[in-house]
Amino acid sequence: MNYSTEIDRKWQKHWDEINIAKFDETRIDQKLYVLEMFSYPSGANLHVGHWYNYGLSDSWARMKKMQGYEVFQPMGFDAFGLPAENYAIDTGIHPKDSTESNITKMEEQLKSMGGLFNWDHELATCRPEYYRWNQYLFLQLFKQGLAYRKKAPVNWCPHCNTVLANEQVQADHTCERCGTIVTKKNLTQWFFKITDYAEELLEKLPDLDWPETTKKNQANWIGRSEGAEITFQAIQNDHDLIDENGEQLKLKTFTTRVDTLYGVVALVVAPESELCELLTTPEQAAEVKAYQAKTLLMSDIDRTSTVLEKTGVFTGSYAINPINNHKIPIWTSDYVIAGYGTGCVMVVPGHDERDFEFCTKFDLPIIPVIADPEDPENTELPYVKYGILVNSGDHTGKTSEEAMQEIVAELAMDNLAEEQINYRLRDWLVSRQRYWGTPIPIVYCDQCGVVPVPESDLPVELPYDVDFTPDGESPLSKHAGFMNTTCPNCGGPAKRDPDTLDTFVCSSWYQFRFVDNKNDQTMFDKTKVNKMCPVDHYIGGAEHTTMHLLYSRFITKALRDMGYLDFDEPFQALTHQGTILGADGRKMSKSIGNTISPDAYINKYGSDTLRLFLAFAFSYVDGGPWNDDTLIAITKYMGRIERFVAELIEQIEQKDQSLLGTWAADVNFDPWHSTDLTKAEKELNRVKNYTIKEVTRDADKFQFNTSIARLMELLNALQDYVKEENVKLDLVYQTVSDYLRLLAPFAPHFSEELWESLGHQNTSIFYEKWPEHDEKALITDTVEIAVQFNGQLKGRINIANDAKQPEVEEQLKAMPEFITWLGDKTVRKIIYVPGKIINVVAN
RNA sequence: GCUCGUGUGGCGGAACUGGCAGACGCAACGGACUUAAAAUCCGUCGAACUAAACAUUCGUGCCGGUUCGAGUCCGGCCACGAGCACCA
């Protein structure tokens, strides 16, 4: 046939005509929702990474379809976002225009890949039909108090000219998107209250069929920490401090080590916390102000540098330690973070490294209160492990574990302590000072304040004629027609919110919209989504662990609690594909010049060649370096299949012109049971059934490389068999028929073409049933096992497959080599593992 | 610093529950076919020792342990990668 892109196109057209990717609602009980993370419609052609992700998960989905599942595999576009806007700034081409044309181009490309995507359910997040419901989601969260506005020091990327969520700032304080060092700005922004779900987000992780590392990283990000909140009374000039409501000012501190409470020598508040102002005495005001100013100027990088020496200033106030009524000074220092816990920390230099450093620097006393149980006399400070309490009043002599319980219980009677759980996770900042995103459906009215846009007025359309030159201001704020509106409440003049939503909001619920993408009454139909979701298998890169994958889980839970759906998690199973590297083993990058464009390979070899190569040459979850040689090897493998099938057809037709048609028409064609099989035929049958078993098992767990290896073995076995005398063509035909079905998911166009040449007209191999193996065929008459002496391999023997241990022992002892192997040792025990090894223990 | 993951021939990678390490393929080498080449087909292919074969010994990052038996389990290192990191 000479496989090429011509063949690709022929079958793509055919699949289109027979609407093979259509979802049959009547078979919803067999539904299988397979989803690949949707992609950003960039101008360039599909790259190798797209192929690896979409091509091979499509193979998985195709196998599932043949196994009888009703597969739902939609495709769409994550179409809002910075690249289109930046492209517009460079070229003057409007984001809407470039994005829409990119979508058209990508649709074509995805079709040319041969993916079985359900285009009836396509969506693009930049279209009003979609972002209208994104705004609706925002309003529902707002109603629930899950979307709120606050002024806070937020991450600002000076290059992208926008704020970023915590999750979008990398560990080295650079922007996730552009790598620029992120700074802090004090701004009023919209947040989603993901912290309300911190506990459930953590708790439900073990039930997910996700990679363990991904779950660990999410757990790490959520950062649950158990401890207690201790209340200290603040005093100034020996009088209780009073807050603005005329109440005693109580300072709450979070600690995981209540057992060290007797060792507290000071409190430290974060310089940017409001407490700092309240606590500063007039005498200390100048010094504290200067320190606060200095802190604000420092970047997070400087501030969190571990080589940095501790700094700090005394506020002038004191606090009373509730456990022993000691009066301790209150300081401010930048090693305390305003956003975590209460922004106020008790300083225990004896048992915390940071506090130890701080107190050494400022000559504060160091009181040991925990002793090392191994060596209580010589406990080296700071001693940060659990131990035995010393210098701790009534609690002296107790273990840390005992003391923590007792101290909290004791102070709790006076409301001075309670058990507390803290999370590292912060609320999700969703405002962005950019143009190409979902407008926030809120107006600000001088009379009524913050007013949500009524749902009936949605969508708040993103205007087209906007000046989006980046200057740190939201582009929409410069568009008078957009900004000036009337208050839905009082009808007076009002302003719109000039910001747009983080694009991760779009992608946090798109998996539900896919199911019901044309609904113009609501986000999605609850009944439909409850039937179709959660997604059964989700496939995508590992870079979204603490962003998209966490946000989606949160939004799903929020939607559940608001009554929009009835399940807990969006993605039941998850697989991350690995990364394909350049041939040099480095990450593909335009600047290094080691990128591989799939197009040239496809034009030359056809799309299935690339797909098979990607399946065979890598372990799917690991990826690895590109290798032209292996790609050529795949073309040879495909050539062998092609020739084998062609020769088979020729031989069958030589024998009888009508035979092929007869066999093809017989759905239950199975010549294997009608005759006594020769040894060679039994062997072919064994390999065939083994292949069916293994290909199915391996492909099922995304281990495509070994699936292809087994298929190569079966081809070798077929070629061995046809060298025999008196070849039975019906057996070969049937084996090839199974072969093509097993190959079809990995080389869909190629297999269709061969399937057709085998006599199947006007149909599709994807309507065929996936082969099932016969366990009995795997059993051979004799089996070779290994002979070990004291676990060391000595030789091999053939035994009857049903031989029991005594017979095998007898057979072994009858061997001439047995005496040599045994030497002068005495047999103590013989271990026989059926079908595997026999091990003689001797000494 | 803490947490997690990975480490197997010249290369990509297999090895299911502790049971014959290196499947499958690439590269390499030898051969067949051919006037020749390409293509195709057949064979060899972890290391050491040996003239060679048989045999033997060693071999899954390193050291030790458990076990009749360890790539696989346990303890301790080393290297690389990822996540977190002044989170109290």
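In what follows, every chain begins at residue 1, and chains take the letters A, B, ... in the order their sequences are listed. Values below: every heavy atom of this structure, side chains too, minus hydrogens, waters and symmetry copies.
- A cation-pi arrangement, defined by a distance under 6.0 Å to the six-membered ring centre and an angle within 45 degrees of its axis, is absent between A/R611 and A/W51.
- Within 4.0 Å of A/E353, counting heavy atoms only, lies no atom of the nucleic acid at all.
- Taking atom CG of residue A/L425 and atom P of nucleotide B/rA85, one finds them 12 Å apart after rounding to whole Å.
- In the set B/rA15, B/rC4, B/rA88, the nucleotide with an atom closest to the side chain of A/Q703 is B/rA15.
- Proximity of A/R710 to the phosphate of B/rA14: no side-chain N or O atom is located under 4.0 Å from OP1 or OP2.
- Pair assignment for B/rC54: none, as no Watson-Crick or G-U wobble contacts are both less than 3.5 Å.
- Between A/D698 and A/N705, the closest side-chain pair of non-hydrogen atoms is not below 4.5 Å.
- Relative to the side chain of A/V841, the nucleotides B/rA88, B/rG25, B/rC68 differ in distance, and B/rC68 lies closest.
- With B/rC20, B/rC41, B/rC4 as the candidates, the nucleotide lying closest to the side chain of A/R796 is B/rC20.
- Counting only heavy atoms from C-beta on, A/R424 has its side chain closest to B/rC84 among B/rA88, B/rC84, B/rG19.
- Counting any heavy atom pair closer than 4.0 Å across all strands shown, A/E212 reaches no nucleic acid atom.
- Among the atoms of the strands shown, only primed sugar atoms or phosphate atoms (P, OP1, OP2) are found under 4.0 Å from some heavy atom of A/T256.
- Side-chain N/O atoms of A/R257 and base N/O atoms of B/rA88 include no donor-acceptor pair closer than 3.5 Å.
- The side chain of A/F616 lies closest to B/rG12 when the candidates are B/rA23, B/rU57, B/rG12.
- What separates CG of A/D629 from P of B/rC26 is a distance of 10 Å, to the nearest Å.
- The OH-P distance, from A/Y832 to B/rC20, rounds to 14 Å in whole Å.
- Taking 4.0 angstrom as the limit, A/S619 places none of its side-chain polar atoms (N or O) nearer than this to OP1 or OP2 of B/rG12.
- The C1' atoms of B/rA32 and B/rA23 are separated by 27 Å, rounded to the nearest whole Å.
- With both pairing distances under 3.5 Å, B/rU35 is matched to nothing as a Watson-Crick or G-U wobble pair.
- Between A/Y340 and the phosphate of B/rA88, there is a side-chain N or O to OP1/OP2 separation shorter than 4.0 Å.
- With a cut-off of 3.5 Å on both pairing distances, the Watson-Crick or G-U wobble partner of B/rC68 is B/rG19.
- Proximity note for A/E784 (side chain, C-beta onward) versus B/rA14, B/rU57, B/rC20: the nearest is B/rC20.
- Separating the CG atom of A/N716 from the P atom of B/rC41 is a distance of 10 Å, rounded to the nearest angstrom.
- In this structure, A/N839 places its CG atom 15 Å from P of B/rU67, rounding to the nearest Å.
- Figure legend. B/rC80 is base-paired to B/rG5; pairs are counted as Watson-Crick or G-U wobble with both atom distances under 3.5 Å.
- Among the atoms of the strands shown, only primed sugar atoms or phosphate atoms (P, OP1, OP2) are found under 4.0 Å from some heavy atom of A/K636.
- Base orientation at B/rG9 is syn, since its O4'-C1' glycosidic dihedral falls within 90° of 0.
- Distance, A/E167 CD to B/rC84 P: 10 Å, rounded to whole Å.
- Atom name C1', nucleotides B/rC58 and B/rA21: the rounded distance is 14 Å, in whole Å.
- Using Watson-Crick or G-U wobble geometry with both donor-acceptor distances under 3.5 Å, B/rA28 finds its partner in B/rU44.
- Put simply, the side chain of A/I370 reaches to within 4.5 Å of the side chain of A/L389, judged on heavy atoms.
- Counting any heavy atom pair closer than 4.0 Å across all strands shown, A/G835 reaches no nucleic acid atom.
- Within the 4.0 angstrom heavy-atom criterion, base atoms lie near A/R426.
- Rounded to the nearest Å, the gap between the C1' atom of B/rA27 and that of B/rG12 is 11 Å.
- At a cut-off of 3.5 angstrom, counting only N and O atoms as typed in the model, there is a donor on one side and an acceptor on the other between the side-chain of A/R697 and the base of B/rC16.
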Could you walk me through whether A/T253 and A/V264 satisfy the side-chain contact (heavy atoms from CB on, under 4.5 Å) test, starting with their C-alpha distance in whole Å, then the side-chain angles of each, then the deciding distance to 0.1 Å, before giving a yes or no? CA-CA 12 Å; A/T253 65; A/V264 176; over 6 Å; no
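- With the nearest nucleotide of RNA chain B identified for both A/Q719 and A/N705, A/N705 has the one nearer the 5' end.
- Contact between the side-chain N/O atoms of A/Q788 and the OP1/OP2 oxygens of B/rU67 is not found at any separation under 4.0 Å.
- B/rC11 and B/rC49 are spaced 27 Å apart, taking the C1' atom of each and rounding to whole Å.
- For the 3.5 Å distance criterion, the side chains of A/T311 and A/Y291 qualify, holding a donor opposite an acceptor.
- Side-chain proximity of A/A633 to B/rG19, B/rA82, B/rG25: nearest is B/rG25.
- Protein atom CG of A/L793 is 13 Å distant from nucleotide atom P of B/rC58, rounded to whole Å.
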Please step through ring-ring contact (aromatic ring centres under 6.0 Å, His included) for the pair A/Y52 and A/Y620, ending with a clear verdict. CA-CA 8 Å; A/Y52 198 52; A/Y620 187 65; 4.9 Å; yes
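- The same atom, C1', is picked in B/rU60 and in B/rA47; the two are 13 Å apart, to the nearest Å.
- Using modelled atom types and a 3.5 Å distance limit, the side chains of A/D427 and A/T195 yield a donor-acceptor pair.
- Side-chain atoms of A/V833 lie closest to B/rG19 of the nucleotides B/rC24, B/rA88, B/rG19.
- Rounded to whole Å, the separation between the C1' atoms of B/rC26 and B/rG75 comes to 39 Å.
- We find that CG of A/N798 is positioned 13 Å from C1' of B/rC20, with the value rounded to whole Å.
- Toward the 5' end of RNA chain B, the nearer of the two residues A/K723 and A/D352, judged by each one's closest nucleotide, is A/K723.
- Spacing of C1' atoms, B/rU67 relative to B/rA14, comes out at 25 Å, to the nearest Å.
- Taking 3.5 Å as the limit, the base of B/rC84 and the side chain of A/N220 contain no donor-acceptor pair of atoms between them.
- In the model, A/Y551 has a side-chain atom that pairs as donor or acceptor with a side-chain atom of A/E167 under 3.5 Å.
- A/Y601 places none of its side-chain heavy atoms less than 4.5 Å from the side chain of A/F613.
- B/rG71 and B/rG9 are spaced 14 Å apart, taking the C1' atom of each and rounding to whole Å.
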